[in-house]
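Structure first, then comments.
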2 protein chains.
Amino acid sequence: MISKSTEYALKTVVFLSQNLEEGKLFGKKALAEKLELPESYLAKVLQQLAKRNIIGSIKGPQGGFYALPETLNISLLDIVDVFEGLEFFKKCGLGQEECDDENPCPIHKDYEAFRSNLKKTLENKTIRDIISDLDAGKAFLKNLI
Amino acid sequence: MISKSTEYALKTVVFLSQNLEEGKLFGKKALAEKLELPESYLAKVLQQLAKRNIIGSIKGPQGGFYALPETLNISLLDIVDVFEGLEFFKKCGLGQEECDDENPCPIHKDYEAFRSNLKKTLENKTIRDIISDLDAGKAFLKNLI
DNA sequence: ATAAAAAAAGACATAAGTGTCCTTTTTTAA
DNA sequence: TTAAAAAAGGACACTTATGTCTTTTTTTAT
């Protein structure tokens with residue numbers, strides 16, 4: 001449910017937010033090196049994030065990507081939404097076309113609880129929260145702090 | 001986490017268990033028609049189930065597949081294990097290589113709770129349970145009862 | 001103006017899951 | 001013993017996610 005795209009996006013958004021300073025920009029190459037991610041693939045991810053206004057981008061020499069003021073309020077679910085959509089949180093765990101409270105599949109109730117709890121967790125976890133956890137040493141992400 | 005292979009396998013195993021009668025066999029064609037599944041692909045699934053002794057198979061004319069006595073005690077997790085393995089229940093939700101209680105990712109604790117709950121749910125749900133739920137009208141699976 | 005730097009975009013490569021088709025092997029029934 | 005029926009297995013096609021490479025567009029600095 002969480003693809004590489006989402007994983008790379010999260011790390012980039014966290015990094016940019018940690019380094020949010022007046023006029024400070026990071027190119028795809030710098031980001032790929034810092035975070036040890038595939039540069040060309042990361043470029044696509046960055047473009048999608050910029051298009052969705054989750055981060056900002058400036059073209060030309062000295063250009064690059066940067067965190068917006070709102071970026072800190074972005075939730076993990078927002079990032080998942082960009083790359084996977086929210087279908088996962090509606091679909092039946094056993095792949096049944098029809099599956100709801102009226103017509104439940106054999107694990108409907110448990111699975112429904114699972115996915116809605118997971119959704120809530122992702123929804124409530126903002127970039128701000130993650131950075132605060134990283135700062136406090138309560139959580140870790142490779143190559144970030 | 002639950003692939004088409006697992007979905008098809010579950011439906012077949014349930015069907016065969018519902019029709020467990022002395023000497024009664026079903027060929028891949030009959031199963032594919034009954035369950036409305038792609039016949040050639042289902043054949044592969046059936047082979048893997050037979051190889052793992054989750055169902056039995058007999059070659060030759062009048063041959064086919066059938067449920068074993070133990071088939072009723074098979075859990076959903078057993079079927080998942082055949083086609084996806086159990087990696088999902090160990091892997092980090094954010095794709096981090098290192099992620100455990102010592103070095104948790106930002107959603108480690110919540111995610112760990114979800115996936116272990118889900119695992120327990122799959123582990124405790126046997127084919128017998130599913131058939132009993134289907135019989136009682138408590139659950140539904142397309143083309144099964 | 002022009003060259004360079006960077007984002008943006010398009011085309012292609014690879015791997016895994018899904019799915020189909022064809023051939024081989026086994027085994028039973030005639 | 002032979003033909004047919006069925007499982008078993010191998011090879012290939014399609015799709016999506018992942019990843020790379022090249023070209024185009026934008027923009028700044030000289």
Side-chain angles (χ1 to χ4, degrees), chain A residues 1-12 16 23-68 79-80 82-85 87-88 91 95, chain B residues 1-12 16 23-68 79-85 87-88 91 94-95:
Chain A
M1 159 222 27
I2 289 190
S3 66
K4 291 287 177 193
S5 295
T6 298
E7 179 192 341
Y8 297 169
L10 170 64
K11 298 183 85 166
T12 309
L16 291 175
K24 211 169 169 191
L25 300 181
F26 297 87
K28 60 178 176 176
K29 190 173 173 184
L31 291 169
E33 277 172 8
K34 271 280 184 200
L35 302 169
E36 296 188 73
L37 303 176
E39 181 180 336
S40 300
Y41 191 56
L42 181 60
K44 304 283 192 188
V45 170
L46 291 165
Q47 284 169 35
Q48 291 182 76
L49 288 172
K51 196 180 291 175
R52 293 285 211 106
N53 291 314
I54 289 180
I55 60 176
S57 79
I58 291 181
K59 288 183 175 186
Q62 326 316 325
F65 299 91
Y66 59 98
L68 303 165
I79 298 182
V80 169
V82 172
F83 298 97
E84 348 254 337
E87 269 311 289
F88 174 86
K91 274 199 302 187
Chain B
M1 162 225 19
I2 289 191
S3 65
K4 290 288 177 194
S5 295
T6 298
E7 179 192 341
Y8 297 168
L10 170 65
K11 298 182 86 167
T12 309
L16 290 176
K24 212 168 169 191
L25 300 180
F26 297 87
K28 60 179 177 177
K29 191 174 174 184
L31 291 169
E33 277 171 9
K34 272 280 183 198
L35 303 169
E36 294 187 75
L37 303 176
E39 180 181 335
S40 300
Y41 190 56
L42 180 60
K44 304 284 191 189
V45 169
L46 290 166
Q47 285 170 34
Q48 291 181 76
L49 289 172
K51 197 179 293 177
R52 292 286 210 107
N53 290 315
I54 289 180
I55 60 176
S57 79
I58 291 182
K59 289 184 176 184
Q62 326 315 326
F65 299 91
Y66 58 99
L68 302 166
I79 298 182
V80 169
D81 186 22
V82 173
F83 299 97
E84 348 256 335
E87 270 308 291
F88 173 86
K91 273 198 304 188
L94 293 182

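Within every chain, numbering begins at 1; the chains are lettered A, B, ... in the order of the sequence lines, protein sequences first and strands thereafter.
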Q: Quick one, give me the B/S/- string for nucleotides 2-13 of chain D, reading 5' to 3', where B means a protein heavy atom under 4.0 Å from the base and S means that only happens at the primed atoms, P, OP1 or OP2.
A: --BBSSBBBB--
What is the distance from [atom1] of [X] to [atom2] of [N], rounded to the nearest Å?
X: A:L31; N: C:dA6; atom1: CG; atom2: C1'; value: 12 Å
X: B:F83; N: C:dA16; atom1: CZ; atom2: C1'; value: 16 Å
X: A:L25; N: D:dT27; atom1: CG; atom2: P; value: 14 Å
X: B:Q48; N: C:dG17; atom1: CD; atom2: C1'; value: 12 Å

Short side-chain N/O contact from [X] to OP1 or OP2 of [N], under 4.0 Å:
X: A:Y41; N: D:dT18; answer: yes
X: B:Y8; N: C:dG19; answer: yes
X: A:S5; N: D:dA17; answer: no

Run the side-chain donor-acceptor check on residues 31-45 of chain B: report pairs under 3.5 Å with partners two or more places apart or on a different chain.
residue	atom	partner	partner atom	Å
B:E36	OE2	B:N143	ND2	3.1
B:Y41	OH	B:S5	OG	2.6

Q: Could you pull out all residues at least two apart from A:K29 that satisfy salt bridge (charged side-chain N to carboxylate O under 4.0 Å, His left out)?
A: none
Do the side chains of [Y] and [X] get nearer than 4.5 Å, heavy atoms only?
X: B:F88; Y: B:I2; value: no
X: A:I79; Y: A:Y8; value: no
X: B:L25; Y: B:F65; value: no

(Q) Please evaluate residues A:F26 and A:I55 with respect to the criterion side-chain contact (heavy atoms from CB on, under 4.5 Å), reporting the C-alpha separation (whole Å), side-chain torsions for both, the decisive distance (0.1 Å), and the verdict. (A) CA-CA 11 Å; A:F26 297 87; A:I55 60 176; over 6 Å; no
Q.
Any base atoms under 4.0 Å from A:S40, or only sugar-phosphate, or nothing? Heavy atoms, all strands.
A. base
